[in-house]
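Whatever order the structure lists them in is the order used to number ligands and atoms, beginning at 1.
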Amino acid sequence: MKKITVSAPGKLMLFGEHAVVYGRPCLVTAVGQRMRAIVELTEDSMFQLDAPDVSVSGYRKPMSELGKGDPSTSLGTSIPKGAKFVEVAVKNFFSSQFTSKERASVGTGSTFEVGKAGIKVTTSSEFSSEFGFGSSSAATVCVIKALSELTGKKLSKKNVFDLSYKTVLEIQGQASGFDVAAATFGGTLYFVIGGKVIKQLNLPSLPLIVGYSGIKADTVTLVNQVKKKANKYPKVIDDIYDSIGYLVNQAKNALVKGDFQTVGELMNLNQGYLESLGVSSDKLESMIHAAREAGAYGAKLSGAGGGDCMIALAPNNKVEAVKKAINNVGGQVVDIKAHIEGVRIDG
Ligand code: MEV
């Protein structure tokens with residue numbers, strides 16, 4: 001096999017953002033639309049990437065240079081932002097699955113000659129990378145999964161998660177990996193940092209309403225902002241993390257029962273704590289309040305905060321009014337399906 005198409009879903013954090021970075025559990029759901037990667041094995045020892053959604057086209061470098069931003073090569077002075085995750089994923093796949101001797105040897109007669117191998121990746125996304133749906137993590141998972149199939153190194157889902165998480169950590173420095181878990185396993189997950197716990201929840205339904213604030217948030221900046229606050233008020237912030245962890249466990253039970261009234265109340269409580277951590281924004285607040293006033297059971301920001309998306313749950317007969325209310329305050333309602341399938345081979 002020379003070429004494969006793999007897709008993985010995006011994610012939305014339901015409960016527990018920020019506290020999850022400090023060991024408390026969170027709840028995340030996999031959302032469609034999907035990120036898609038066409039990955040091709042070539043024999044020219046080059047890495048090639050086209051990722052039009054993040055403005056990368058015709059990016060090329062030798063496989064031996066993966067992960068290096070050597071200014072002296074004519075092939076690229078540094079790794080463009082949009083190429084980082086895929087490039088480091090390819091590097092990590094090869095360095096974990098093949099010895100350096102295997103990587104250096106050419107023409108050993110095996111069916112897959114790693115020393116000659118080149119990789120051509122083309123990614124495309126059904127959702128905008130602006131939404132904060134985790135497109136970088138989804139692309140990472142797609143590429144690791146595709147390479148495991150193409151090279152005959154079959155990886156379990158947990159192996160795909162571990163390698164993808166390593167890749168994200170290498171680039172971001174600090175991350176819980178919840179988005180990697182959603183892209184890999186799909187569905188709705190109860191998750192603890194690094195994949196210490198990844199538990200699939202059996203949900204009756206999850207009719208989420210999603211509103212995009214129009215502002216792209218930077219996760220690393222927001223995580224650092226919260227860290228600064230925690231350094232100044234360690235006990236206060238630690239207690240907030242504990243309370244968030246506690247409500248995540250209650251939300252898990254309510255979600256499984258389909259008790260949306262309780263889920264909504266817990267969303268509002270979680271939002272209060274996120275506001276206290278300083279990661280909400282005027283725009284998110286106005287969308288959240290508009291949703292509640294229009295009859296939602298509850299609403300909160302989703303993800304790092306500062307921008308990106310908010311989510312709401314509403315009774316069937318209030319869904320249209322809630323969407324309208326979000327639009328009326330300048331939010332953009334994004335149609336998604338929650339609780340969808342994880343990484344899969346599409347062809
Ligand atoms: C960002 O979407 C969610 C955070 O909890 C960071 C993480 O879990 O890696 C803020």
TODO: Name all residues meeting the salt bridge (charged side-chain N to carboxylate O under 4.0 Å, His left out) criterion together with E285; count only those two or more places apart in sequence or in a different chain, and write none if there are none.
DONE: none
- [ ] Could you label the plane-to-plane angle of the F47 and Y59 rings as parallel, tilted or perpendicular, counting under 30° as parallel and over 60° as perpendicular?
- [x] perpendicular
Task: Partner set under salt bridge (charged side-chain N to carboxylate O under 4.0 Å, His left out) for E40, not counting sequence neighbours - done: none
Open item on the list: Below 30° counts as parallel, above 60° as perpendicular, anything between as tilted: where do the rings of F185 and F161 land?
Closed with: tilted
Open item on the list: List the protein residues in contact with ligand 1, where contact means a heavy-atom separation under 4.0 angstrom.
Closed with: K11, E17, H18, V20, V21, A175, S176, F178, T219, V223, G303, A304
Task: Which residues share a side-chain hydrogen bond (donor to acceptor under 3.5 Å, both in side chains) with S7, sequence neighbours left out - done: R34, D346
Open item on the list: Is it the case that the side chains of T221 and N224 hold a donor-acceptor pair, with the cut-off being a distance below 3.5 Å and no angle test?
Closed with: no
